[in-house]
Amino acid sequence: METRKIYMDYAATTPIKKEVVEAMLPYLNEEFGNPSSVHSFGRSVKNAITEARATIAKAINAKPEDIFFTGGGSEADNMAIKGIAFAYKDKGNHIITSKIEHHAVLHACEYLEKHHGFEVTYLDVDEYGIVKMEDLKNAIKDTTILITVMYANNEIGSVQPIREIAQIAKEKKVFFHTDAVQALGNIEIDVQELGVDLMAITAHKIYGPKGIGALYMRKGIKLHPLIHGGAQERRKRAGTENVAGIMAFAKAVELATSNIDEHIKKTTQLRDKLINSVMERIPHTILNGHPTKRLSGNANFCFKFIEGEAILLSLDIVGIAGSSGSACTSGSLDPSHVLMAIGLPHEIAHGSLRLSIGDMTREEDIEYVVGHLEKIVERLRGMSPLYDKFMKGEKAHV
Ligand SMILES: *Cc1c(COP(=O)(O)O)cnc(C)c1O
């Protein structure tokens, strides 16, 4: 087999689309004014930002004044969680989240717990990575001020019942924030219909640049800013705007949401082909996440008896880019908190592989990847003492 370059890590980041680059270029060149300036250079840029804000708002059925630009998804999550916590601390000090959130949410919650006297409930999830509504209802107390549960999980793709959570939050008069970074462009989003109060999104997961995102926040909610300074973003986020990034974000949102049905159909087909071939051809494999309530571009497997890191390195040699939940590279031997939360034993969680597909994935890529993966898993198992032990045990049974 010849070597190709195949990117299957769209959940980590996406390539920037040509139209998106084109949308930002004028704002890196002639349109350089500071949007806060009174002169024509500034005014013209300010108008462009106003339009971009309206484009993004329209795509999620929000009002333009409910969109606050940030430096990405992590900042939007932090702004929502800490911003609400500090603004409403007199009302209560309890926050509810789930065990499978992105670190931008989990670590913001832990920070509030450790340094600001907040109490956080981390909800368990079921074997598919879905929050149980009974648990959520039972966790709400008089002191609860915020529920933050992600729309779709970045590792295993599980999609949460966001409408139901929003309904419960509303009945209990608790604010509801959702991290919709993975959902944007992959699930149709209407903030009114969903009933969320706050929502984090980012550009680089939808074929836009890194370092630009936004927080949607329904009118009438108080929020303490994280960054103090000028009056930008209605005094919620100081600092001269990332103008080119904002233009790019608006274009990326426009492209991702106008073609969403086609995108979902295509990526679902490819994902199912990938999942079915892997499960059929590679024995002792587990599909992580929900069989149907999952992101259209997400596949996540555990290959028993081997290490995810070893699979990744072998895939990289043949030009395939994937991702693993185990964090050996970061110097820790702990497997992903998400795989632990769905109840996988340590030794199985270590053999995880996430393959995420997107707009540039083609049908022949799937065949190439599965062909190589089958050989890699077989070779690694051939060297695995765990596999050897398992096979000997099998033989002893016959
Ligand atoms: C990527 C990601 C983030 C972080 O967004 P950045 O723009 O990289 O800061 C947050 N939440 C989820 C679910 C993500 O996938």
Side-chain angles (χ1 to χ4, degrees), residues 7-16 20 56 60 67-83 97-111 122 125 129-131 148-160 162 165 177-187 189 196 198-216 226-227 237 239 242 244-246 248-250 252-253 256 267 288-290 293-300 321-325 327 336-339 341-342 354-358:
Y7 187 75
M8 287 215 179
D9 205 10
Y10 286 82
T13 196
T14 54
I16 309 186
V20 172
I56 294 169
I60 57 169
I67 304 292
F68 299 86
F69 289 116
T70 66
S74 301
E75 189 189 321
D77 280 329
N78 273 267
M79 186 171 164
I81 295 164
K82 295 176 191 164
T97 187
S98 84
K99 285 189 177 159
I100 61 157
E101 298 299 307
H102 190 273
H103 282 144
V105 168
L106 284 180
H107 292 169
C109 287
E110 285 166 15
Y111 164 80
Y122 301 88
V125 291
I130 312 271
V131 170
T148 170
V149 173
M150 71 199 315
Y151 200 148
N153 183 268
N154 45 303
E155 286 186 39
I156 58 173
S158 310
V159 177
Q160 303 296 336
I162 294 299
I165 299 174
H177 165 65
T178 191
D179 174 337
V181 165
Q182 292 286 336
L184 185 67
N186 292 310
I187 299 172
I189 296 179
V196 298
L198 305 104
M199 184 177 87
I201 53 178
T202 197
H204 78 98
K205 306 277 171 82
I206 58 159
Y207 312 94
K210 293 153 189 70
I212 179 72
L215 178 67
Y216 157 78
L226 296 181
I227 301 175
R237 203 275 191 177
N242 174 359
I246 290 171
F249 191 17
V253 166
T267 47
N288 298 315
H290 198 279
K293 287 177 202 154
R294 72 185 305 134
L295 285 171
S296 61
N298 174 287
N300 189 310
S323 157
S324 168
S336 127
H337 64 285
V338 176
L339 299 178
I342 60 174
R354 178 186 72 189
L355 295 171
S356 43
I357 57 192

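Worth saying up front: this structure is predicted, and the values here are computed from it rather than measured. Both ligands and their constituent atoms are indexed starting at 1 by order of listing. Residues: numbered from 1 along the sequence shown.
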Shortest heavy-atom approach to atom 11 (N) of ligand 1 - which of D77, V181, I212, D179: D179

Checking heavy atoms under 4.0 Å, the part of K210 that sits near ligand 1 is neither

Indicate the ring-plane relationship of H107 and H103, choosing parallel, tilted or perpendicular according to the 30° and 60° boundaries. parallel

For N153 and G129, indicate whether the former's side chain and the latter's backbone hold a donor-acceptor pair under 3.5 Å. no

Heavy atom of the protein closest to atom 14 (C) of ligand 1 (residue, atom name, distance): K205 NZ, 3.0 Å

In ligand 1, which numbered atoms sit nearer than 4.0 Å to a non-hydrogen atom of T202? 7 (O)

Determine whether T148 and D179 make a side-chain contact, defined as any pair of heavy atoms from C-beta on separated by less than 4.5 Å. no

Closest heavy-atom approach to atom 6 (P) of ligand 1 among G213, G208, G73 is made by G73

Between V125 and V131, is the side chain to side chain contact (heavy atoms under 4.5 Å, CB included) condition met? List the steps. CA-CA 5 Å; V125 291; V131 170; 3.9 Å; yes

Could you list which atoms of ligand 1 come closer than 4.0 Å to a heavy atom of G72? 7 (O)

Students should be able to answer this: which protein heavy-atom is nearest to atom 3 (C) of ligand 1, and at what distance? H102 NE2, 3.5 Å

Among S74, A180, A11, closest by heavy atom to atom 4 (C) of ligand 1 is S74

Does ligand 1 have a heavy atom under 4.0 Å from the side chain of H204, from its backbone, from both, or from neither? side chain

By number and element, which atoms of ligand 1 are closer than 4.0 Å to a non-hydrogen atom of M150? 13 (C)

Please confirm whether N154 comes within less than 3.5 Å of ligand 1 when only nitrogen or oxygen atoms on both sides are compared. no

Taking the side chain as every heavy atom from C-beta outward, state whether Y122 and E110 have any pair of such atoms under 4.5 Å apart. yes

Given side chains that start at C-beta, do those of N242 and F249 come closer than 4.5 Å, heavy atoms only? no

Just checking K293: does its NZ atom have more than 12 heavy atoms from other residues, nucleotides or ligands closer to it than 6.0 angstrom? no

